[in-house]
Amino acid sequence: MHNPAAALMSNQHSQEADAQDFDDFIYLMSHDVRASVRALIELPQWIVEDLADAGVQISGPVADSIELLNRHTARLDRMLVDLLAYSRVGRMQDIVEVNLNACIDEVLSGLSMPEGMTLDRDIECDHIRMGEQDALMVWSALIGNAVKHHGNAAAGKVELRTRKEGGMVRFTVRDDGPGIPERHYAKALSAMTTLRPRDEVEGTGMGLANVRKVAAYYGGYIHLSDAAPGLCVDLVLPDGHF
């Protein structure tokens with residue numbers, strides 16, 4: 001006798017297994033390929049240093065070609081790093097009490113903020129239960145995107161806020177840059193997608209996609225809106241306290 005509920009559950013389990021297999025494939029591929037990419041990043045520099053030791057100075061088209069190679073291999077390396085992060089959402093980490101202010105401090109310590117750009121924080125809810133690496137990735141992607149795509153680094157402003165809303169925590173990152181047209185919101189959340197050419201703004205197109213995956217994994221959601229001017233990104237997650 002056909003059991004629709006059992007068939008639906010079996011289909012859901014199959015989809016979850018497929019997603020797990022896909023994440024495993026991304027992790028293994030990105031991890032193994034990155035070792036070769038790291039070699040490609042280092043080899044041109046070694047060649048330049050060896051030639052310099054031999055008294056040969058590289059200039060003109062050859063120097064330009066090496067610079068182009070360096071730029072593209074560095075871009076590929078960043079893409080693999082973000083793919084690894086995408087595959088690790090919710091994995092290889094424990095669910096712990098995460099200090100959100102400490103996460104922001106750690107992200108900012110590794111971020112080169114343009115001189116003249118200000119960052120205001122209002123962290124009303126400063127703890128959440130989730131994977132610490134996921135929390136770091138969320139802040140890194142949201143703050144990094146706001147800074148990178150601002151367009152007026154000399155006078156820009158980025159605001160960070162968290163609020164407790166019942167059993168949920170709302171992360172808000174707002175900037176006063178050019179923003180994103182509403183018709184491009186879905187595209188901005190897609191993986192490996194950039195709204196501007198990579199030669200204009202370096203990026204892998206994985207930042208908001210990684211945040212969207214975090215939202216889906218923890219049972220929350222991400223919402224983009226016009227900050228007039230700028231972009232407002234809201235990430236809402238369960239606070240993890242049951």
Exercise. Do any pairs count as a salt bridge (Lys or Arg N to Asp or Glu O under 4.0 Å) and have a residue in residues 103-112, sequence neighbours left out, and if so which ones?
Worked result: D105-R121

Exercise. Closest heavy-atom contact between A186 and S190?
Worked result: O-OG, 3.1 Å

For this session: Start with the C-alpha distance between V236 and V169, add both sets of side-chain angles, then the distance that settles side-chain contact (heavy atoms from CB on, under 4.5 Å), and finish with yes or no.
Result: CA-CA 6 Å; V236 181; V169 176; over 6 Å; no

Exercise. If two hydrophobic side chains count as joined below 4.5 Å and joins carry through other members, does L189 share a cluster with V214?
Worked result: yes

For this session: Name all residues meeting the side chain to side chain contact (heavy atoms under 4.5 Å, CB included) criterion together with S140; count only those two or more places apart in sequence or in a different chain, and write none if there are none.
Result: V107

Exercise. Got a second to check how far D234's CG is from Y221's OH, nearest 0.5 Å?
Worked result: 7.0 Å

Problem set entry | Residue from D120, L142, V173, D176 passing side-chain contact (heavy atoms from CB on, under 4.5 Å) with V158 | V173

Exercise. Would you say the side-chain atoms of Y218 pair up with the backbone N or O of G90, donor to acceptor, closer than 3.5 Å?
Worked result: no

Seminar exercise, completed: Rounded to the nearest 0.5 Å, the OG1 atom of T162 sits from the CH2 atom of W139 at a distance of 6.0 Å

For this session: Check whether any side-chain N or O of N99 sits under 3.5 Å from a backbone N or O of H127 as a donor-acceptor pair, and report yes or no.
Result: no

Seminar exercise, completed: Distance col, row Y86:OH vs K213:NZ, nearest 0.5 angstrom, shows 5.0 Å

For this session: Consider only side-chain heavy atoms of I, L, V, M, F, W and Y, link residues closer than 4.5 Å, and tell whether V96 and I123 are in one cluster.
Result: yes

For this session: Find out if a path of hydrophobic residues (ILVMFWY) with successive side-chain heavy-atom gaps under 4.5 Å connects M117 to V233.
Result: yes

Problem set entry | Closest non-hydrogen atom pair, N70 against T73 | O-OG1, 3.1 Å

Problem set entry | Shortest non-hydrogen contact between E124 and K164, atoms and distance | OE2-N, 4.3 Å

Exercise. Can you tell me how far CG of L119 sits from CG of L160, rounded to the nearest 0.5 angstrom?
Worked result: 4.5 Å

Exercise. Can L224 be reached from V138 by stepping across I, L, V, M, F, W or Y side chains whose heavy atoms are under 4.5 Å apart?
Worked result: yes

Problem set entry | Where G230 and D226 come nearest, the two heavy atoms and their spacing | O-OD1, 3.3 Å

Exercise. Under 6.0 Å from the CD atom of E49, do we count more than 12 heavy atoms belonging to anything else shown?
Worked result: yes

Problem set entry | Given V211, I222, I128, the one that forms side-chain contact (heavy atoms from CB on, under 4.5 Å) with F171 | I128

Exercise. Looking only at heavy atoms, what is the nearest atom pair of A85 and M137, with distance?
Worked result: CB-SD, 3.4 Å

For this session: Would you check, one step at a time, whether the test side-chain contact (heavy atoms from CB on, under 4.5 Å) holds for T172 with C232?
Result: CA-CA 7 Å; T172 300; C232 180; 3.7 Å; yes

Problem set entry | Between CE on residue M113 and OG1 on residue T118, distance to nearest 0.5 Å | 7.5 Å

For this session: Could you walk me through whether R129 and D239 pass salt bridge (Lys or Arg N to Asp or Glu O under 4.0 Å), step by step?
Result: CA-CA 6 Å; R129 283 189 62 80; D239 69 3; over 6 Å; no

Exercise. Can Q45 and E42 be said to form a side-chain contact (heavy atoms from CB on, under 4.5 Å), step by step?
Worked result: CA-CA 5 Å; Q45 184 59 39; E42 294 169 354; 5.8 Å; no

Seminar exercise, completed: With sequence neighbours left out, the residues meeting side chain to side chain contact (heavy atoms under 4.5 Å, CB included) with L51 are I47, V56, I58

Problem set entry | Separation between SG of C103 and CD of E132, rounded to the nearest 0.5 Å | 5.5 Å

Exercise. Side-chain heavy atoms under 4.5 angstrom apart, residues restricted to Ile, Leu, Val, Met, Phe, Trp, Tyr: same cluster for Y217 and L237?
Worked result: yes

Exercise. Of all heavy-atom pairs between D82 and M206, which one has the smallest distance, and what is that distance?
Worked result: CB-CB, 3.6 Å

Exercise. Under a 4.0 Å N-O cut-off, is there an ion pair linking D175 with K157?
Worked result: no

Exercise. Which is it for L136 and Q133 under the side-chain contact (heavy atoms from CB on, under 4.5 Å) test, yes or no, and what are the steps along the way?
Worked result: CA-CA 5 Å; L136 286 167; Q133 290 305 311; 4.0 Å; yes

